[in-house]
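In what follows, a structure is listed as structure tokens, so that the remarks can point back to it.
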There are 2 protein chains.
Amino acid sequence: MRLTERKIAATLRQHGYKLTPQRRSVIRTIASSQDHLTPAAIYQKVHQDQPSIGLVTIYRTLDILAKLELICELHAGGSCHSYTIGARGHHHHLICSNCGEVIDFAGYDLTQLEQRLSRQTGFEIEGHLLEFIGLCQNCQQEDD
Amino acid sequence: MRLTERKIAATLRQHGYKLTPQRRSVIRTIASSQDHLTPAAIYQKVHQDQPSIGLVTIYRTLDILAKLELICELHAGGSCHSYTIGARGHHHHLICSNCGEVIDFAGYDLTQLEQRLSRQTGFEIEGHLLEFIGLCQNCQQEDD
DNA sequence: ATATAAATGATAATATTTTTCATTTACAAC
DNA sequence: GTTGTAAATGAAAAATATTATCATTTATAT
């Protein structure tokens, strides 16, 4: 079940953020869209409602909403700027959010889930992205 | 097992790409690094070897290597520019690579895997990213 | 109504990626 | 080894995306 505009607004307030017309409009735009939207797309839509809004406000609002986990950030393929050498065979990654260390792990099979999704949605599934983010041992100590 | 520089070079040739010193250097850099590297980081390293190389060549080489699946593209968190409203409860996404349609799905639990990884690596896992990419039914038809 | 900290928008700066095009080069054919 | 050719490169600029700065405005508690 998707979060409602009301619920999002309330959570913002609870965390001490002010509820401005601009923020309301950003929330309404995202909440009423079926698709995922880029900051620029959100700006365009919100701009109809709030002609004086700046793109900066969009970015700031998205940052807050993402931090509070009221919106989801998607990785829609394409350009996410980090590369490692390919490993033979299928594998996934575990990445340290602090130092960037990457550990490959294998032996986890998503085929069944993939088939289930394909059957349920009619999608022809081309691939997937599975990553874990966390703190490696070194970085845990530094944070203490 | 990670791909070797040799293997990557051979695959490039097999696909009709020329093996230039610049490309060799990019491959060597990525292959010899433990971390994942941004294009800018790769450029810096390669530049020591090939002082005249341009950043453009890095981008072009990365595109080719990624297309041939010789390197992995990582999403290291941060700014990947697409947002949807948060759903209540934990869920993941299925995204159409053509039209961008997003389907949320729930009921898939990664806790066990998370615990296994945590035990094996000592990571303190903060979160994960699981997405499937594919073609929705509409877009499959258009592509025929 | 008022005080105040937070939020906004304008502007500029920075960072990232792509395009264009003249020059150079890898490599296949001889 | 030469040579021809398509492919690749680098320089420069353009396009795109994101962040920083700061004076002004505003939501909200009192």
Side-chain angles (χ1 to χ4, degrees), chain A residues 5-6 8-29 36-68 70-71 73-83, chain B residues 6 8-29 36-68 70-71 73-83 100:
Chain A
E5 207 180 316
R6 257 178 62 86
I8 292 176
T11 308
L12 264 194
R13 298 292 306 276
Q14 278 164 29
H15 284 81
Y17 292 103
K18 291 180 180 174
L19 204 48
T20 63
Q22 292 90 339
R23 287 179 178 169
R24 279 180 195 282
S25 186
V26 169
I27 295 168
R28 189 177 318 123
T29 298
H36 55 126
L37 300 170
T38 61
I42 294 167
Y43 173 71
Q44 283 198 333
K45 283 174 185 270
V46 169
H47 191 258
Q48 295 168 10
D49 195 42
Q50 299 282 331
S52 73
I53 201 173
L55 187 51
V56 208
T57 300
I58 307 288
Y59 278 105
R60 285 187 285 228
T61 306
L62 292 175
D63 281 350
I64 294 167
L65 295 176
K67 198 181 313 170
L68 297 178
L70 297 169
I71 59 176
E73 222 176 30
L74 289 195
H75 170 70
S79 42
C80 261
H81 346 308
S82 251
Y83 300 88
Chain B
R6 259 178 62 86
I8 292 176
T11 309
L12 264 194
R13 299 291 307 274
Q14 278 164 29
H15 285 82
Y17 293 102
K18 292 180 180 172
L19 205 47
T20 64
Q22 292 89 339
R23 284 178 181 168
R24 280 181 195 281
S25 185
V26 170
I27 293 168
R28 187 176 321 124
T29 298
H36 54 125
L37 300 170
T38 61
I42 294 167
Y43 173 71
Q44 284 198 333
K45 283 173 184 273
V46 170
H47 191 259
Q48 295 168 10
D49 196 42
Q50 299 282 330
S52 72
I53 201 172
L55 188 51
V56 209
T57 299
I58 307 289
Y59 277 104
R60 285 188 285 226
T61 305
L62 291 174
D63 282 349
I64 294 167
L65 295 175
K67 200 183 308 169
L68 297 178
L70 297 170
I71 57 176
E73 223 176 29
L74 289 195
H75 170 69
S79 42
C80 261
H81 346 308
S82 249
Y83 299 88

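Note: hydrogens, waters and symmetry copies are ignored here, and every other heavy atom, side chains too, is used. The chains referred to below are lettered A, B, ... by the order of the sequence lines, with proteins before strands, and numbering in each begins at 1.
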Decide yes or no on side chain to side chain contact (heavy atoms under 4.5 Å, CB included) for B/Asp63 and B/Lys67, but give the supporting numbers first.
-> CA-CA 6 Å; B/Asp63 282 349; B/Lys67 200 183 308 169; 5.6 Å; no

Sidechain-backbone polar pair: A/Arg13 side chain, A/Leu19 backbone, donor-acceptor under 3.5 Å =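 Looks like no, no N/O pair under 3.5 Å.
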
Atom-pair distance ([atom1] on [X]; [atom2] on [N]), nearest Å:
| X | N | atom1 | atom2 | result |
| --- | --- | --- | --- | --- |
| A/Leu12 | D/dA27 | CG | P | 14 Å |
| B/His47 | D/dT9 | NE2 | C1' | 14 Å |
| B/Gln44 | C/dA15 | CD | C1' | 13 Å |
| A/Tyr43 | D/dT18 | OH | P | 15 Å |
| B/Arg60 | D/dG10 | CZ | P | 8 Å |
| B/Tyr59 | D/dT16 | OH | P | 15 Å |
| A/Leu62 | C/dT8 | CG | C1' | 15 Å |
| B/Ile27 | D/dA8 | CD1 | P | 12 Å |

Out of [options], which nucleotide sits closest to the side chain of [X]?
| X | options | result |
| --- | --- | --- |
| B/Lys18 | D/dA6, D/dT9, D/dA27 | D/dA6 |
| A/Arg23 | D/dA8, C/dT8, D/dT18 | C/dT8 |
| A/Arg13 | C/dA26, C/dT16, D/dA29 | D/dA29 |

Kindly determine whether A/Leu12 and A/Ile27 satisfy side chain to side chain contact (heavy atoms under 4.5 Å, CB included), including the steps that lead there.
-> CA-CA 11 Å; A/Leu12 264 194; A/Ile27 295 168; 4.0 Å; yes

Candidate list B/Thr61, B/Thr20, B/Ile8, test side-chain contact (heavy atoms from CB on, under 4.5 Å), partner B/Val26, passing option |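 That would be B/Thr61.
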
Looking at DNA chain C, which of residues 48-58 of chain B put a heavy atom within less than 4.0 Å of it?
->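 Heavy-atom cutoff 4.0 Å gives B/Leu55, B/Val56.
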
What's the shortest heavy-atom distance between B/Ala66 and B/Ile71, and which atoms?
->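 Minimum heavy-atom separation between B/Ala66 and B/Ile71: N-CG1, 3.6 Å.
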
When you match B/Thr20 and B/Ala40 each to their closest nucleotide on DNA chain C, which lands nearer the 5' end?
->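 Per heavy-atom nearest nucleotide, the more 5' residue is B/Ala40.
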
DNA chain C: B/Gln22 or B/Asp63, which has the more 5' nearest nucleotide?
->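 Result of the comparison: B/Asp63.
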
Report, one line per pair, each donor and acceptor closer than 3.5 Å where one atom sits in a side chain of residues 44-59 of chain A; sequence neighbours left out.
unit_1: A/His47; atom_1: NE2; unit_2: A/Pro51; atom_2: O; d: 2.8
unit_1: A/Asp49; atom_1: OD2; unit_2: A/Ser25; atom_2: OG; d: 2.9
unit_1: A/Asp49; atom_1: OD2; unit_2: A/Arg28; atom_2: NH1; d: 3.3

Could you check B/Arg23 against B/Ile64 for side chain to side chain contact (heavy atoms under 4.5 Å, CB included), going step by step and ending with a plain yes or no?
-> CA-CA 10 Å; B/Arg23 284 178 181 168; B/Ile64 294 167; 3.5 Å; yes

